[in-house]
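Okay, so here's the structure we're looking at.
Reckoned from all heavy atoms, side chains included, excluding hydrogens, waters and symmetry mates. None of the values given here were measured: they were computed from a predicted structure. Naming: A, B, ... by sequence-line order, numbering from 1 per chain.
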Amino acid sequence: MKRTSYIGELGQAQVGTTVTLQGWVNRRRDLGGLIFLELRDRSGTVQVQVEPDSAAFAAADTLRAEYVVEVEGRFQARPEGQRKGGLADFEVIASRVTVLNAARTPPFELEKGEQVAEDIRLKYRYLDLRRPEMQRQLMLRSKAVAAVTAFLDAEGFVQVETPMLTKSTPEGARDFLVPSRLNPGEFYALPQSPQLFKQLLMISGLDRYYQLARCFRDEDLRADRQPDFTQLDMEMSFVTQEDVLEVQERLMAHVFRVVLDTELPLPFPRLSYHEAMDRYGSDKPDLRFDLRFVDVTDLFRGGEFAAFAGAETVKVLAAPELTRKQIDELERVAKQNGAKGLAWVRREGDSFTGGISKFVGGQAAALLERSGVQPGGTLLFAAGDWKKAVTALGAVRLALRDLFNLAADGPQFHAAWVLDFPQLEWDEDSGTWTYMHHPFTAPHPEDIPLFGTDRQGEIRAQAYDLVLNGYEVGGGSIRIHDPAVQAQMFQAIGFSEAEAQEKFGFFLDALEYGTPPHGGIAWGFDRLVMVMAGAGSIREVIAFPKNNRGVDLMAQAPSPVEDAQLAEVGVVVRDQE
RNA sequence: GGUCCGGUAGUGUAGCGGUUAGCAUAACUGCCUGUCACGCAGUAGGUCGCGGGUUCAAAUCCCGUCCGGACCGCCA
């Protein structure tokens with residue numbers, strides 16, 4: 001290799017030596033007689049000076065932004081008074097400049113990076129990825145992979161790869177389908193997660209498994225959701241929930257220590273699903289700030305304000321002083337998240353004005369005391385079914401966070417566990433019970449007798465979510481290892497024995513051949529890296545992401561295919577209307 | 001499927017009923033020996049996303065549509 005070092009490795013020690021560097025022209029400052037170049041590689045940038053009588057001058061004169069060049073020259077300190085700190089204390093006096101490749105004028109200025117429309121950055125992703133910020137994020141991700149691998153390997157986890165072409169299952173997310181040429185009319189599905197395979201590995205006796213698994217879900221996208229994404233998938237045998245959480249906390253702390261030099265306080269705080277929903281209106285609450293709901297259901301029950309009088313739940317959130325415009329915006333948020341409206345009052349002295357204040361006269365003292373609202377501050381109310389009310393107010397809580405930058409005063413990272421999810425959830429659309437996590441999640445043993453009773457909605461699952469800064473970065477459970485409990489579970493969700501056999505027969509068979517108690521978790525690895533990098537979107541930490549319509553704007557995927565290809569796999573495309 | 005925001009030279013934006021569609025930056029040409037967002041002078045660059053409507057007149061107002069983004073539904 002002709003290159004003597006990365007640019008970022010240069011420093012005082014190299015002063016006086018001749019170096020050969022290779023990289024891209026970041027910037028050219030042509031003073032006529034004298035040309036300055038900024039040369040960039042993945043490690044940094046350095047200034048190159050080309051003097052008019054130098055053999056390098058002719059080549060340097062032709063350079064433009066993003067040309068690929070090799071520069072040979074003397075590395076030296078800059079004249080005093082022109083040292084700008086760091087590598088800008090030094091420069092390379094070029095003796096030779098070789099153009100390794102010319103470049104067309106870039107479609108956007110790389111240094112404008114973040115300000116450029118994202119679709120243009122995505123179309124020219126290879127240029128966007130030249131930006132130091134993007135390279136920093138990819139390198140951070142790479143470090144996180146290395147840290148995870150080192151930790152889990154040391155803890156005795158075995159890395160196993162599971163198939164990408166597998167069986168479609170009817171439940172959960174929509175599958176991506178792959179036609180089978182050798183079995184016309186039949187399809188593989190891409191895995192939504194390696195769930196059954198990792199459980200089978202426990203049945204196989206591997207005891208501890210992990211994998212950075214690519215997963216695929218054909219659902220609508222969000223800033224933190226891609227159709228293909230990466231899970232750090234783990235499973236352990238002969239463990240209790242407590243064992244899983246303990247390893248996970250040490251793993252997470254290790255990753256933050258190695259990658260970010262940040263200590264996460266252990267153990268992580270825990271709250272139940274019910275507490276999380278009841279206080280913060282989310283099963284993944286952002287706990288960098290507290291701002292919790294206050295229950296005031298009793299103050300309004302049977303009172304004069306009809307909208308609150310008969311409500312199952314009335315919650316209130318104490319906000320800072322808000323303008324009418326801000327309240328309108330927050331009401332819009334509440335409505336989009338299922339509320340009928342967002343009632344409010346403003347504190348003036350020891351009473352309330354505006355909004356629904358004429359209905360709260362009698363409750364003013366109690367409201368003041370319970371909410372602790374500051375003078376001038378606003379109380380925001382949500383009422384209705386418990387779940388609807390808290391969910392809507394939870395969205396308002398996050399809108400307030402964004403409005404007043406509430407997370408800024410808290411810790412940079414806040415990790416917590418959310419536990420005791422319901423085993424079953426009533427699905428209003430289908431009028432049936434369904435699982436909340438997945439159908440292999442083990443219930444709390446003492447709740448098992450509730451299966452099949454009218455209290456089965458109270459069954460708690462041994463399921464847990466890892467929440468970081470308001471993002472669900474991990475979720476898992478202890479699994480059912482007793483075929484009899486598995487049968488009860490299928491029955492509860494209206495799965496006939498025949499259906500269960502057809503969909504999961506191989507797995508149910510396996511359960512009967514000596515299944516150890518086991519449990520595990522999967523991290524949404526892209527999301528975790530996003531939070532660690534301080535990025536606002538998962539796309540910022542994925543090299544080649546898709547946009548929010550699932551389109552790869554660079555590769556132009558998806559795309560139509562040749563009729564001959566379709567014929568080979570036995571697929572006929574119907575006209576769209 | 002729904003709600004909201006946006007679309008004007010390569011890029012980022014101003015203009016919001018009558019403008020020669022402006023500014024910055026990038027690009028190109030010339031000048032310039034210590035710049036570092038180099039500077040100076042000049043040149044070129046626009047289907048104002050697309051279609052329809054209102055109007056004497058539309059980048060501007062209305063409707064539709066396409067594209068981009070955020071969110072709801074969905075995502076075990």
Base, sugar-phosphate, or nothing: which does Ile120(A) touch, judged by heavy atoms less than 4.0 Å apart? sugar-phosphate
Of all the heavy-atom pairs spanning Gln14(A) and Glu9(A), show the shortest one and how long it is. OE1-O, 3.5 Å
Classify the nucleic acid contact of Gln49(A) as base, sugar-phosphate or nothing, counting any heavy atom under 4.0 Å across all strands shown. base
Kindly say if Arg549(A) contacts the phosphate of C67(B), meaning a side-chain N or O under 4.0 Å from OP1 or OP2. yes
Separation of A70(B) atom P from Glu329(A) atom CD, nearest Å, is 16 Å
Is the shortest side-chain N/O distance from Arg27(A) to OP1 or OP2 of C38(B) below 4.0 Å? yes
Between C71(B) atom P and Lys335(A) atom NZ, what is the distance in whole Å? 21 Å
Output the rounded distance in Å from CD (Glu118(A)) to P (G12(B)). 12 Å
Is the distance between the ring centroids of Phe216(A) and Phe229(A) less than 6.0 Å? no
Listed nucleotide nearest any side-chain atom of Gln82(A), set U11(B), G68(B), U35(B): U35(B)
If you look at every strand shown and take non-hydrogen atoms under 4.0 Å, does Glu114(A) touch a base, only sugar-phosphate, or nothing? nothing
Of the nucleotides G73(B), G69(B), A70(B), which one has an atom closest to the side chain of Arg225(A)? G73(B)
Establish, from distance only, whether the side-chain atoms of Asn547(A) and Glu118(A) form a donor-acceptor pair under 3.5 Å. no
For nucleotides G2(B) and C23(B), find the distance between their P atoms and express it as a whole number of Å. 42 Å
So what does Lys84(A) touch, heavy atoms closer than 4.0 Å: a base, only the sugar-phosphate, or nothing? base
Measure from the side-chain heavy atoms of Arg78(A) and tell me the nearest of C74(B), U35(B), G68(B). U35(B)
For C61(B), the nucleotide meeting Watson-Crick or G-U wobble distances (both under 3.5 Å) is G53(B)
Distance check needed: G10(B) C1' versus Leu110(A) CG, whole Å only. 13 Å
Does a donor on one side chain and an acceptor on the other come within less than 3.5 Å for Asp526(A) and Gln226(A)? no
Pairing partner of A41(B), by Watson-Crick or G-U wobble and under 3.5 Å for both distances, is U29(B)
Would you kindly say whether Thr391(A) and Asn337(A) are connected by a side-chain donor-acceptor distance under 3.5 Å? no
Using a heavy-atom cut-off of 4.0 Å across all strands, would you classify Thr434(A) as base, sugar-phosphate, or nothing? nothing
Which nucleotide in the set C74(B), U35(B), A26(B) lies at the smallest distance from any side-chain heavy atom of Thr105(A)? A26(B)
Closest contact, heavy atoms only, Glu540(A) versus Ala535(A): CB-CB, 3.7 Å
Name every residue in residues 29-37 of chain A that has at least one heavy atom under 4.0 Å from any atom of RNA chain B, in order of residue number, or write none if there are no such residues. Arg29(A), Asp30(A), Leu31(A), Gly32(A), Gly33(A), Leu34(A), Phe36(A)
Determine the interatomic distance between P on U25(B) and the same-named atom on C63(B); round to the nearest Å. 38 Å
Counting any heavy atom closer than 4.0 Å, what does Pro107(A) reach on the DNA or RNA strands: base, sugar-phosphate only, or nothing? sugar-phosphate
Indicate whether OP1 or OP2 belonging to U3(B) is found under 4.0 Å from a side-chain N or O atom of Arg332(A). no
Between CD of Glu111(A) and P of G12(B) the distance, given in whole Å, is 16 Å
Once you apply a heavy-atom cut-off of 4.0 Å, does Pro79(A) come out as touching a base, just sugar-phosphate, or nothing? base
Side chain of Ala117(A) (C-beta onward), nearest among G12(B), C75(B), U25(B): G12(B)
Tell me which of Ala88(A) and Asn547(A) sits closer to the 5' end of RNA chain B, going by the nucleotide each one is nearest to. Ala88(A)
Picking from U35(B), C38(B), C4(B), the nucleotide nearest the side-chain atoms of Glu91(A) would be U35(B)
Can you tell me the base-pairing partner of C23(B)? Count Watson-Crick or G-U wobble geometry only, both distances below 3.5 Å, and say none if there is no partner. G12(B)
Give me the one residue out of Gln241(A), His438(A), Gln462(A) that meets side chain to side chain contact (heavy atoms under 4.5 Å, CB included) with Ser477(A). His438(A)
Report the relative orientation of the aromatic rings in Phe495(A) and Phe490(A); use parallel for angles under 30°, tilted for 30 to 60°, perpendicular for over 60°. parallel
Phe75(A) and Phe90(A): aromatic ring centres closer than 6.0 Å? yes
Describe the nucleic acid contact of Glu51(A) in one word from base, sugar-phosphate, nothing, applying a heavy-atom distance below 4.0 Å. nothing
Ala77(A) backbone acceptor or donor facing Arg83(A) side chain under 3.5 Å: no
Grab the CD-C1' distance between Gln115(A) and U11(B) for me, whole Å please. 10 Å
Distance, P atom - from U60(B) to G49(B), rounded to whole angstrom: 8 Å
Less than 4.0 angstrom from a charged side-chain N to a carboxylate O is my criterion; do Arg28(A) and Asp30(A) meet it? yes
For G6(B), give the paired nucleotide (Watson-Crick: N1-N3 plus N6-O4 or O6-N4; G-U: N1-O2 and O6-N3; both under 3.5 Å), or none. C67(B)
Have a look at Arg539(A) and say if it touches a base, only the backbone sugar-phosphate, or nothing, with a 4.0 Å heavy-atom cut-off. sugar-phosphate
At under 4.0 Å, does any side-chain N or O of Arg28(A) touch on OP1 or OP2 of C36(B)? no
Provide the distance between the two P atoms, one in G42(B) and one in A58(B), to the nearest whole Å. 35 Å
Can you figure out which of C75(B), A70(B), C67(B) approaches the side chain of Ala223(A) most closely? A70(B)
Would you state whether a donor and an acceptor, one from the side chain of Glu109(A) and one from the base of G10(B), lie under 3.5 Å apart? yes
Candidate nucleotides G1(B), C38(B), U29(B), ranked by approach to the side chain of Asp220(A) - the nearest: G1(B)
d(NZ, Lys112(A); C1', G10(B)) in whole Å: 11 Å
What is the separation between atom CZ on Phe108(A) and atom C1' on G12(B), rounded to the nearest whole Å? 13 Å
Select base, sugar-phosphate, or nothing to describe what Arg222(A) touches, counting heavy atoms under 4.0 Å on all strands. base
Is Asn548(A) touching bases, backbone alone, or none of the nucleic acid, heavy atoms closer than 4.0 Å? base
Picking from G34(B), U25(B), C75(B), which would you name as closest to the side chain of Arg217(A)? C75(B)
